[in-house]
Amino acid sequence: MLPGIGFSEILVLGLAALIFIGPKDLPMLMRRLGQFVGKGRRMAREFQAAFDDIARQSELDELKKEIEALKRSNLMTQAQEDLANAEADINSAVMRQSAEPSPPPQPAPPQVKGEEKA
């Protein structure tokens with residue numbers, strides 16, 4: 001129950017309260033003492049709940065930051081992969097064009113002086 005207070009000490013305190021306060025006012029005093037203890041416990045629970053909420057909120061904030069970092073990292077990785085793919089496509093197209101010999105240019109047909117251009 002209470003640390004360091006046994007049954008005999010509680011009995012002595014109860015007898016002293018009965019003698020000093022009297023049997024008429026003792027029930028009212030005990031009721032008020034119970035209400036006071038109840039209010040104290042309620043305040044302690046609210047205080048603990050507030051700390052728990054703060055802890056949960058800070059954990060959620062950290063998780064949100066981690067998720068955002070992962071999203072940014074994933075988007076950067078995706079963009080890098082897209083750029084690498086585009087570079088590979090361009091390089092392969094250039095290599096194909098340089099590997100194929102281009103046909104020699106065709107000379108323009110000679111024009112005769114008397115002919116009109118269409």
Side-chain angles (χ1 to χ4, degrees):
M1 201 166 148
L2 294 175
I5 298 178
F7 180 72
S8 60
E9 286 91 2
I10 292 175
L11 186 62
V12 170
L13 288 174
L15 286 174
L18 184 62
I19 291 170
F20 289 113
I21 296 171
K24 183 179 174 186
D25 295 329
L26 188 62
M28 185 174 57
L29 178 70
M30 295 304 284
R31 185 176 307 119
R32 288 198 182 189
L33 182 65
Q35 290 172 349
F36 179 73
V37 170
K39 285 180 184 180
R41 287 184 180 175
R42 253 190 319 275
M43 287 178 13
R45 275 194 304 264
E46 289 174 6
F47 191 69
Q48 183 67 36
F51 270 117
D52 290 343
D53 288 342
I54 290 170
R56 271 190 238 112
Q57 185 65 33
S58 68
E59 288 175 5
L60 286 175
D61 290 342
E62 289 175 13
L63 285 175
K64 285 179 184 178
K65 288 178 185 177
E66 288 179 18
I67 289 171
E68 289 298 321
L70 287 174
K71 282 182 182 178
R72 275 188 248 117
S73 174
N74 193 20
L75 289 175
M76 281 298 262
T77 304
Q78 184 64 35
Q80 287 174 344
E81 289 174 2
D82 291 344
L83 286 174
N85 290 338
E87 181 183 11
D89 291 343
I90 291 170
N91 285 340
S92 64
V94 168
M95 294 304 281
R96 271 184 281 155
Q97 285 182 355
S98 65
E100 295 175 2
S102 60
Q106 297 290 330
Q111 291 185 357
V112 180
K113 284 191 172 188
E115 294 181 9
E116 292 182 17
K117 289 186 180 180

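Numbers here simply count residues along the sequence, with the first being 1.
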Between atom [atom1] of [X] and atom [atom2] of [Y], what is the distance when rounded to the nearest 0.5 Å?
X     : Y     : atom1 : atom2 : answer
Leu33 : Arg31 : CG    : CZ    : 12.0 Å
Leu15 : Ile10 : CG    : CD1   : 12.0 Å
Leu29 : Ile21 : CG    : CD1   : 4.0 Å
Leu83 : Glu87 : CG    : CD    : 8.5 Å
Glu59 : Leu63 : CD    : CG    : 7.5 Å

field: Short side-chain donor-acceptor distance under 3.5 Å, Gln78 and Asp82
entry: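 Yes, side-chain donor-acceptor contact under 3.5 Å.
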- prompt: In the single-linkage hydrophobic clustering (I, L, V, M, F, W, Y; side-chain heavy atoms under 4.5 Å), do Met30 and Leu18 co-cluster?
  reply: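 Result: yes, single cluster for both.
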query: Under a 4.5 Å cut-off applied to non-hydrogen side-chain atoms, are Gln57 and Asp53 in contact?
result: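 No; the side chains remain at least 4.5 Å from each other.
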Nearest heavy-atom neighbours spanning Gly6 and Glu9: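 What the structure gives for the nearest pair is N-OE1, 2.7 Å.
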query: Would you say the side-chain atoms of Glu68 pair up with the backbone N or O of Lys65, donor to acceptor, closer than 3.5 Å?
result: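 Judged by distance alone, no pair lies under 3.5 Å.
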